[in-house]
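Throughout, residue positions are numbered sequentially from 1 according to the sequence presented. For the numbers below, each heavy atom of this structure counts, side chains included, while hydrogens, waters and symmetry mates do not.
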Amino acid sequence: PSSDSKIHRALLFSLAGTWKNRVPRPHPAPRTHDVRPGWVDCVGSAAGMSALLTLIATAAGCSSMAATLIAAHRGGMEAPFPENTLPAFQHAQHSGAQLVELDLRVTADGQIVVLHDRSVNRTTNGRGQVRNLTLAAVKALDAGDHNSIPTLQEVLDWAKPREVGLLLDIKRAPDLPHDRIVNAVLDADVQSRVLFGVRSLTDLEQFSRQAQGLRFLGLVPDQRDIDAFVAAGVEAIRLWPAWLQAAPQLVPALQADGVSIWLTVGDANADAVRAYAAMGVQGLITDRPTVAASALGCQAPEASPEATP
């Protein structure tokens with residue numbers, strides 16, 4: 001089927017009310033952890049997440065329009081800060097982004113590192129698949145401007161004393177240890193500021209088994225998958241602008257079901273950012289956090305300790 005027909009079929013499902021008739025799946029969990037007030041004292045439902053996003057935007061000094069949050073994609077793709085490095089994350093927060101988005105991979109010796117690609121070829125001075133390299137070999141590489149590839153633990157340590165959220169992009173990799181990712185987040189006591197971006201229902205189920213109260217953003221691979229992700233219990237769905245151009249009713253249809261809408265918008269300019277915010281989109285994943293923050297009236301937080309490369 002054509003791309004347009006796929007979009008319209010998904011839209012028809014939403015208008016027919018199939019999402020409204022779902023029975024949310026419970027989240028069994030062998031491990032429980034306190035969810036502390038502040039970021040997620042109001043969550044527990046999609047409506048709670050909506051209230052949460054507004055709370056964060058207000059705390060960040062954003063205008064009323066900025067019930068739309070800004071997530072810096074890979075920390076933002078703004079020079080001179082290399083993607084998915086601690087200086088990029090620091091820059092994104094100082095620019096006014098409320099969250100940083102980062103990608104997780106696993107090394108040959110089972111360590112969780114932050115890297116978008118399967119290989120280190122594009123973003124470092126090395127070569128090879130990250131799963132074939134030890135942590136020591138990965139840390140020896142230059143990820144740009146003499147920065148190293150950070151581990152997940154280093155990012156959690158950086159985020160803990162700061163008012164910044166983390167959007168963890170869980171890559172579809174069979175060797176990525178879901179239990180250790182969740183345990184690292186819980187041990188750092190930052191679970192109230194973490195969104196787990198899941199790309200498959202299998203990953204959603206596996207993460208849901210690890211602990212209660214985790215928040216999920218469905219990084220749906222195709223608009224036809226929206227129904228299944230929502231039925232499985234995600235509170236938020238990531239869409240693409242091209243889907244909305246073909247079927248603009250997707251946003252109100254999902255919002256009518258209480259689902260938060262996020263968009264990956266690339267290098268969208270200020271006018272586009274304001275237009276998306278006016279649609280009621282609650283999260284923008286952008287390569288240009290400085291532009292987005294300025295467009296939505298978000299102020300940079302007070303100075304915090306600089307990140308160590």
Same hydrophobic cluster for [X] and [Y], using side-chain heavy-atom links shorter than 4.5 Å among ILVMFWY?
X: V259; Y: L214; result: yes
X: M77; Y: I285; result: no
X: L141; Y: V106; result: no
X: V190; Y: F196; result: yes
X: V100; Y: I170; result: yes

CZ (R122) with more than 12 external heavy atoms under 6.0 Å: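 More than 12 within 6.0 Å, yes.
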Basic-acidic side-chain contact under 4.0 Å: D271, R274: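 Between R274 and D271 there is a salt bridge, with a charged N closer than 4.0 Å to a carboxylate O.
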Salt bridge flag under 4.0 Å for residues K139 and E154: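 E154 and K139: salt-bridged.
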Partner set under ring pair (Phe, Tyr, Trp, His ring centres under 6.0 Å) for F81, not counting sequence neighbours: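 By the ring pair (Phe, Tyr, Trp, His ring centres under 6.0 Å) rule, F81 matches H91.
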When rounded to the nearest 0.5 angstrom, what distance separates [atom1] in [X] from [atom2] in [Y]?
X: R74; Y: T123; atom1: CZ; atom2: OG1; value: 9.0 Å
X: F89; Y: E101; atom1: CZ; atom2: CD; value: 8.0 Å
X: L263; Y: L244; atom1: CG; atom2: CG; value: 5.0 Å
X: L152; Y: L168; atom1: CG; atom2: CG; value: 6.5 Å
X: W240; Y: Q245; atom1: CH2; atom2: CD; value: 13.0 Å

Please examine the side chains of [Y] and [X], heavy atoms only from C-beta on, and report whether any two atoms are closer than 4.5 Å.
X: K160; Y: D189; answer: yes
X: L250; Y: W243; answer: yes
X: L239; Y: T264; answer: no
X: H116; Y: K171; answer: yes
X: I261; Y: Q255; answer: yes
X: Q98; Y: C298; answer: yes
X: V198; Y: L217; answer: no
X: P87; Y: N147; answer: yes

side-chain contact (heavy atoms from CB on, under 4.5 Å), paired with L104, selected from V114, L115, D169, V113: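 Of the listed residues V114, L115, D169, V113, the side-chain contact (heavy atoms from CB on, under 4.5 Å) partner of L104 is V114.
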Distance-only side-chain donor-acceptor flag, [X] / [Y], under 3.5 Å:
X: R131; Y: T107; result: no
X: Q90; Y: W158; result: yes
X: Q282; Y: T68; result: no
X: D103; Y: N84; result: yes

Quick check against the 3.5 Å criterion: does [X] have a side-chain atom that pairs as donor or acceptor with the backbone of [Y]?
X: R193; Y: A159; result: yes
X: T124; Y: G126; result: yes
X: S208; Y: L204; result: yes
X: N269; Y: A272; result: yes
X: S294; Y: V291; result: no
X: R199; Y: G218; result: no
X: D203; Y: S200; result: no
X: D287; Y: G76; result: no

Taking distance alone, no hydrogens or angles, what donor-acceptor pairs closer than 3.5 Å link side-chain atoms of residues 173-181 to residues at least two apart or in another chain?
unit_1	atom_1	unit_2	atom_2	d
H178	ND1	Q206	OE1	2.9
R180	NH1	G110	O	2.4
R180	NH2	G110	O	2.9

Residues which pass salt bridge (charged side-chain N to carboxylate O under 4.0 Å, His left out) with E78, listed by chain and number, not counting sequence neighbours: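 Counting only residues at least two positions away or on another chain, E78 forms no salt bridge (charged side-chain N to carboxylate O under 4.0 Å, His left out).
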Considering all heavy atoms of both residues, which atom of [X] and which atom of [Y] are nearest to each other, and what is their separation?
X: Y276; Y: V265; result: CE1-CG1, 3.6 Å
X: V273; Y: A295; result: CG1-CB, 3.9 Å
X: V182; Y: F207; result: CG2-CD2, 3.4 Å
X: S148; Y: A143; result: C-CB, 4.0 Å
X: D145; Y: P82; result: CB-CG, 4.3 Å
X: L156; Y: A184; result: CD1-O, 3.4 Å

Steps toward side-chain contact (heavy atoms from CB on, under 4.5 Å) verdict (D157, Q153): CA-CA 6 Å; D157 291 342; Q153 188 60 56; 3.0 Å; yes
Evaluation steps, side-chain contact (heavy atoms from CB on, under 4.5 Å), between W262 and L284: CA-CA 6 Å; W262 291 59; L284 295 178; over 6 Å; no
Step-by-step side-chain contact (heavy atoms from CB on, under 4.5 Å) determination, L99 to L166: CA-CA 5 Å; L99 301 96; L166 301 176; over 6 Å; no
CA sep, side-chain torsions, deciding dist, call: D267, R288, side-chain contact (heavy atoms from CB on, under 4.5 Å): CA-CA 6 Å; D267 62 352; R288 303 171 69 189; 3.4 Å; yes
